[in-house]
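Shown next, in structure tokens, is the structure this report addresses.
Just so you know, residue 1 is the first one in the sequence shown, and it goes up from there.
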Amino acid sequence: MSKMRGRILIPLPNTGSMGRKRNNFYMRSIFLLALCIFGLLQYHNFNYLDSRDTVLGDAVTNDSDDAILAMVPAPLHKYLTPHSRNHSGAATTGAMGVLGAPLLLNSSSSGAATATTISFDVYHPPNISEIKRQIVRYNDMQLVLNEDTFGPLQNDSVIIVVQVHTRITYLRHLIVSLAQAQDITKVLLVFSHDYYDEDINDLVQQIDFCKVLQIFYPYSIQTHPHEYPGVDPNDCQRNIKKDQAMISNCNNALYPDLYGHYREAKFTQTKHHWIWKANRVFNELEVTRYHTGLVLFLEEDHYVAEDFLYLLAMMQKRTKDLCPQCNVLSLGTYLKTFNYYTYHSKVEVMPWVSSKHNMGFAFNRTTWTNIRKCARHFCTYDDYNWDWSLQHVSQQCLQRKLHAMIVKGPRVFHIGECGVHHKNKNCESNQVISKVQHVLRIARTSHQLFPRSLTLTVPSLSKKTKLRKGNGGWGDLRDHELCLNMTLATR
């Protein structure tokens, strides 16, 4: 017993219980780690597929005519099949390819394709006098096609206005995209032309999926080739010095633009056309007299997603709670990549910026009335761009500035390779068309269109849009006067 007194008794650990706790801890850690890795892999997979299909679209898509046609429902092929009047006295029979290349469709008894050449009367396009008569006739008639099928325009329905020049190839694809949109039967589709072309007229008048109206800008270069607003022989040359212009007494010698240059008709027409068509739709057409809904502005080289009207209506409904100050809704943004997985149902709000929000944007009669009251700011601002002029109006004249709700996953795309500002070697390239088709196919199959709700995101901090002087090209007093006269209501 005496030996036991000097010992210190230390209790032995319960090794079985501690081992079980340690094992449970390891198992939980491994499970959580595996769950995190799985989540990261799924997120990476979605974004990889999305970015691969959009950013690297050129590598995985086939932009041939046949591949593009295969992406279009068969009943809509008629809009992509040219039947040109502008041919010579003999031609090969058969349909035409997506970009106008002849496709031999006749077959011999052996099944081999053969070409048959036939002769017919040479097509003579209308002269300027006839074109002017036709323009007056169309604008006076204000004929709404397909109204007997789809009924009269409802006051709160959407009006889509498409500004058209001469690029019929892109227009064909825009029409195909519109035909596939949900609720397209309810809209009035207005085509505003600044060039009279019977092939384009035939295409537009072939539309059978909604109500259609054509209007024609009456002061075009086409109808005034050798006089203002076209090119008058006595117009000052663009780069002539002001003192030389005054000596030569050329037109508008006293008023070059901000940069010392004189008027170029081909650049001024687009701004004139834009303000004319807006005024025509809101203030002159009989069919729009009592219209209170949205007017959506598109151009011939745009392409729409099938849920663009659905999303526009959703944005309009949510304006009151998401952005009470918003008076513009924008469906298109200029993005190099399109991540629908992240942005398909997200919107943001910010002041309207001409270079970012000028594609597929809509506003109502109230906003237009305020813009028209500032016509002098629009028409005298020395910038030949209608969108920069509209931003000037917002910054310098409107009491309620233009404020936009913008969808982050665009529903309107720009497919034009060439235009006023851009000239590429191949202006009829299928590359962009094919890429947009592929982007929308991925969005459709992954259920990223037709979102159930909208989420407002906070835009990244950006520099305040500074007041700026214009890009010039609009110093001629004749342009100021013509523009102002076109903002007057005629009814």
query = Has the side chain of S177 got a donor or acceptor atom that lies under 3.5 Å from a matching backbone atom of L174?
reply = yes

query = With side chains defined as the heavy atoms from C-beta onward, is the minimum distance between D197 and N201 less than 4.5 Å?
reply = no

inquiry  = Under a 4.0 Å threshold between the charged nitrogen and the carboxylate oxygen, would E147 count as salt-bridged to K211?
reply    = no

Residue pair E348, K408: steps toward the side chain to side chain contact (heavy atoms under 4.5 Å, CB included) verdict = CA-CA 7 Å; E348 58 184 3; K408 296 202 70 175; 3.9 Å; yes

request  = Please answer whether the main-chain N or O of P229 pairs with a side-chain N or O of R263 as donor and acceptor at a distance below 3.5 Å.
outcome  = yes

inquiry  = With a 4.5 Å cut-off on side-chain heavy atoms, are I406 and W352 touching?
reply    = no

inquiry  = As a quick check of understanding, evaluate side chain to side chain contact (heavy atoms under 4.5 Å, CB included) for V328 and H357, giving each step before the final call.
reply    = CA-CA 9 Å; V328 176; H357 311 137; over 6 Å; no

Distance (rounded to the nearest 0.5 Å) between N155 CG and R365 CZ = 9.5 Å

query = With F267, which of Y384, Y262, W386 fulfils ring pair (Phe, Tyr, Trp, His ring centres under 6.0 Å)?
reply = Y384

request  = Please report the shortest heavy-atom distance between P410 and G332, naming the atom on each side.
outcome  = CB-CA, 4.4 Å

request  = Enter the distance from S345:OG to F450:CZ here, rounded to the nearest 0.5 Å.
outcome  = 14.0 Å

ask   = For S354 and Q391, which heavy atoms make the closest approach, and how far apart are they?
value = N-OE1, 2.6 Å

query = Side-chain contact, heavy-atom cut-off 4.5 Å: V393 with L402?
reply = no

task = Nearest 0.5 Å please: distance from the CG atom of D476 over to the OG1 atom of T268.
result = 8.5 Å

key: T380: partners by side-chain contact (heavy atoms from CB on, under 4.5 Å), with sequence neighbours left out   = R376, H480

inquiry  = Nearest 0.5 angstrom please: I131 CD1 to E198 CD, how far?
reply    = 8.0 Å

Side chain to side chain donor-acceptor pair (under 3.5 Å) partner of D194, the single match among H273, Q222, Q163, H272 = H273

message = If you count heavy atoms of other groups shown closer than 6.0 angstrom to OH of Y219, is the number above 12?
response = no

message = Counting neighbours of OH on Y138 that are heavy atoms of other residues, nucleotides or ligands and sit closer than 6.0 Å, is the number greater than 12?
response = yes

query = Are the side chains of I215 and L285 in touch, meaning some heavy atoms are under 4.5 Å apart?
reply = yes

Polar contact flag, side-chain donor to acceptor under 3.5 angstrom, T223-S220 = yes

query = What are the two closest heavy atoms between Y170 and D301, and how far apart are they?
reply = CB-CA, 3.8 Å

query = Quick one: are the ring centres of F209 and F150 less than 6.0 Å apart?
reply = no

ask   = So, for W388 and Y381, is the gap between ring centers shorter than 6.0 Å?
value = no

Donor-acceptor contact present, side-chain E300 to main-chain H165, <3.5 Å = yes

query = Is the backbone N or O of L294 less than 3.5 Å from a side-chain atom of N364, with the two atoms forming a donor-acceptor pair by type?
reply = no

Shortest non-hydrogen separation from Q437 to V72 and the atoms involved = NE2-CG2, 3.8 Å

query = Just by distance, do the side chain of S394 and the backbone of L390 share a donor-acceptor pair under 3.5 Å?
reply = no

message = Working note: N385 + W474, criterion side chain to side chain donor-acceptor pair (under 3.5 Å); need CA distance, chi angles, decisive distance, verdict.
response = CA-CA 9 Å; N385 297 289; W474 198 265; over 6 Å; no

ask   = What do the steps show when you test Y217 against W274 for side chain to side chain contact (heavy atoms under 4.5 Å, CB included), and what is the final call?
value = CA-CA 9 Å; Y217 173 61; W274 191 90; over 6 Å; no

Donor-acceptor list for residues 180-190 side chains, cut-off 3.5 Å, not counting sequence neighbours:
residue : atom : partner : partner atom : Å
Q180    : NE2  : V176    : O            : 3.2

query = Is it true that F413 and Y303 have ring centroids separated by less than 6.0 Å?
reply = no

inquiry  = Salt bridge or not between D382 and K469? Use side-chain N to carboxylate O under 4.0 Å.
reply    = no

query = Backbone N or O of L398 within a donor-acceptor pair of the K401 side chain at under 3.5 Å?
reply = yes

key: Q206 side-chain N/O to Y79 backbone N/O, donor-acceptor pair under 3.5 Å   = no

message = Keeping D235 on the side-chain end and D232 on the backbone end, is there a donor-acceptor pair under 3.5 Å?
response = yes

request  = Quick one: do D208 and K78 satisfy salt bridge (charged side-chain N to carboxylate O under 4.0 Å, His left out)? Show the steps, please.
outcome  = CA-CA 11 Å; D208 57 9; K78 61 185 178 182; 2.6 Å; yes

query = Does NZ or CZ of K277 lie under 6.0 Å from the centre of the six-membered ring of F282, at an angle within 45° of the ring axis?
reply = no

request  = Using a 4.5 Å cut-off on heavy atoms from C-beta on, say whether the side chain of R280 contacts that of S192.
outcome  = no

query = Does the N485 side chain pair with the main chain of E481, one donor and one acceptor, at a distance under 3.5 Å?
reply = yes

message = Taking the side chain as everything from C-beta on, heavy atoms only, tell me whether H302 gets closer than 4.5 Å to I415.
response = no

query = Strictly by modelled atom types, are Q214 and Q205 linked by a side-chain donor-acceptor pair under 3.5 Å?
reply = yes

task = Apply the test side chain to side chain contact (heavy atoms under 4.5 Å, CB included) to residues H438 and R441: give CA-CA distance (whole Å), side-chain angles for both, the deciding distance (0.1 Å), then the verdict.
result = CA-CA 5 Å; H438 194 68; R441 187 189 70 176; 2.8 Å; yes

ask   = Would a distance-only check, ignoring hydrogens and angles, find a side-chain to backbone donor-acceptor pair under 3.5 Å from D383 to N471?
value = yes

Qualifying disulfide bond (SG atoms under 2.5 Å apart) pairs, either residue in residues 351-392, two or more places apart = C374-C397, C379-C483

ask   = Is there a side-chain contact between T457 and V347, using heavy atoms and a 4.5 Å cut-off?
value = no

ask   = Any idea which heavy atoms bring L440 and V304 closest together, and the distance?
value = CD1-O, 4.1 Å

request  = Considering non-hydrogen atoms only, spot the tightest contact between A362 and L312 and give its length.
outcome  = CB-CD1, 4.3 Å

